[in-house]
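Values below: all heavy atoms of this structure, side chains included; hydrogens, waters and symmetry mates excluded.
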Amino acid sequence: MLKMKEKLCGHYLCEFSSDEYEVAEALILLQRQVQKVNEKKLKITFGGKPICERNNFNNVQPMLPINIPNVEYVPPDIPNIHGVPNNRILVCCKPFEKKLTSSDLDVYQNRLLLKKNHVETYFLPSLKRDEKVDKGINVIVFDMQGKTFNTMFKFWSEKYYVFNGVGWQKFFKERNLKADQDFITVWMFRHSEINKLCFALSIRRVEA
């Protein structure tokens, strides 16, 4: 007890009453226990293999890299449009997804650039003879909430397939879409009730 009192007074330059001494002694013992715990190395394992450990300074040190698989988003074959049952969606073509670019959201260009290879492989074979994409086809576009807008599906500048018109501009403005963060999925189908060429769009955001 005398040694403990000398140690306390040596550290804090003070005298203790009997009650204060008991509290101070308990604090020192507690500090020693914490130090013992911190001196032990914390090891984290994955599949039975150590992947990192905590050293005496509580810094986590990686022991081997962890490869996290890149799970690619695969859109469903048929869009889930609110208010439009699947039996109303006919001849639905394989969808594609693309990251929106700044030019897609440019009010002066006023168009959504579509994937050319995908359009030619999956969309064009489903067009009727009187539907001429080089002249432009007026189409109805649905979002997943069942809202619609009119736009034109066309072969633009003899190079690109696009949605062109104020409908697309209204769509991205209302949803405050952002370049390099928002991904858009595009389906093409025919609506059984109106017998018209339609598209469906869904958005998913990946935070930068």
Determine, using the 4.5 Å side-chain heavy-atom cutoff (strictly less than), whether [X] and [Y] are members of one ILVMFWY cluster.
X: F172; Y: V166; result: no
X: V84; Y: F149; result: no
X: I78; Y: Y122; result: no
X: M188; Y: W156; result: no

Between [X] (side chain only) and [Y] (backbone N and O only), is there a donor and an acceptor less than 3.5 Å apart?
X: H82; Y: D143; result: no
X: K154; Y: K132; result: no
X: W187; Y: P76; result: yes

Apply the test side chain to side chain contact (heavy atoms under 4.5 Å, CB included) to residues K116 and Y161: give CA-CA distance (whole Å), side-chain angles for both, the deciding distance (0.1 Å), then the verdict. CA-CA 6 Å; K116 185 176 182 180; Y161 294 95; 3.7 Å; yes
Using a strict threshold of under 4.0 Å (side-chain N to carboxylate O), is an ion pair present between E97 and K115?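 Looking at E97 together with K115, the answer is no, because their closest N to O distance does not fall below 4.0 Å.
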salt_bridge(E131, R190) N-O dist < 4.0 Å: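 Counted as a salt bridge, because a side-chain N and a carboxylate O are separated by less than 4.0 Å.
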Once the angle between the rings of F123 and F153 is folded into 0 to 90°, is it parallel (under 30°), tilted (30 to 60°) or perpendicular (over 60°)?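 Ring orientation of F123 relative to F153: perpendicular.
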Which heavy atom in [X] sits nearest to a heavy atom in [Y], and how many Å separate them?
X: W168; Y: N110; value: CD1-C, 4.3 Å
X: Q109; Y: R111; value: OE1-NH2, 3.1 Å
X: N87; Y: S192; value: O-OG, 3.8 Å
X: G165; Y: T151; value: N-OG1, 3.9 Å
X: M152; Y: N138; value: CE-OD1, 3.3 Å
X: N86; Y: P79; value: OD1-O, 3.8 Å

Would a line drawn from the ring center of F163 to the ring center of F199 be shorter than 6.0 Å?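 When the ring centroids of F163 and F199 are compared, they turn out to be within the sub-6.0 Å range.
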In terms of heavy-atom contacts, does [atom1] of [X] have more than 12 from other residues, nucleotides or ligands at under 6.0 Å?
X: D77; atom1: CG; value: no
X: F183; atom1: CZ; value: yes
X: N80; atom1: CG; value: no

Report yes if some heavy atom in the side chain of [X] is under 4.5 Å from a heavy atom in the side chain of [Y]; otherwise report no.
X: K94; Y: H118; answer: yes
X: I137; Y: L197; answer: yes
X: C198; Y: I194; answer: yes
X: I203; Y: L177; answer: yes
X: D180; Y: L100; answer: no
X: I81; Y: F189; answer: yes
X: V162; Y: L112; answer: no
X: T121; Y: F96; answer: no

Pair T148-I140, side chain to side chain contact (heavy atoms under 4.5 Å, CB included): steps then yes or no: CA-CA 7 Å; T148 62; I140 298 175; 3.9 Å; yes
Intermediate values then yes/no, side chain to side chain contact (heavy atoms under 4.5 Å, CB included), L105 and Q169: CA-CA 7 Å; L105 306 177; Q169 183 181 140; over 6 Å; no
Out of curiosity, R205 CZ to I184 CD1, how far, rounded to the nearest 0.5 Å?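 So the gap between those two atoms works out to 12.0 Å.
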When rounded to the nearest 0.5 angstrom, what distance separates CZ in R204 from NZ in K99?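 Going from the CZ atom of R204 to the NZ atom of K99 covers 10.0 Å.
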Test side chain to side chain contact (heavy atoms under 4.5 Å, CB included) on L201 and V141 and set out the steps. CA-CA 7 Å; L201 305 179; V141 181; 3.6 Å; yes
Ring-face cation of R175 near F171 (centre distance under 6.0 Å, axis angle within 45°):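 Verdict for F171: a cation-pi partner in R175.
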Check: D104/T101 side-chain N/O donor and acceptor closer than 3.5 Å: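 Checked: D104/T101 side chains pair up, N/O donor to acceptor below 3.5 Å.
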Pick one: which of L114, L113, V186, D182 meets side chain to side chain contact (heavy atoms under 4.5 Å, CB included) with K98?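 Testing K98 for a side chain to side chain contact (heavy atoms under 4.5 Å, CB included) against L114, L113, V186, D182 leaves exactly one candidate, L113.
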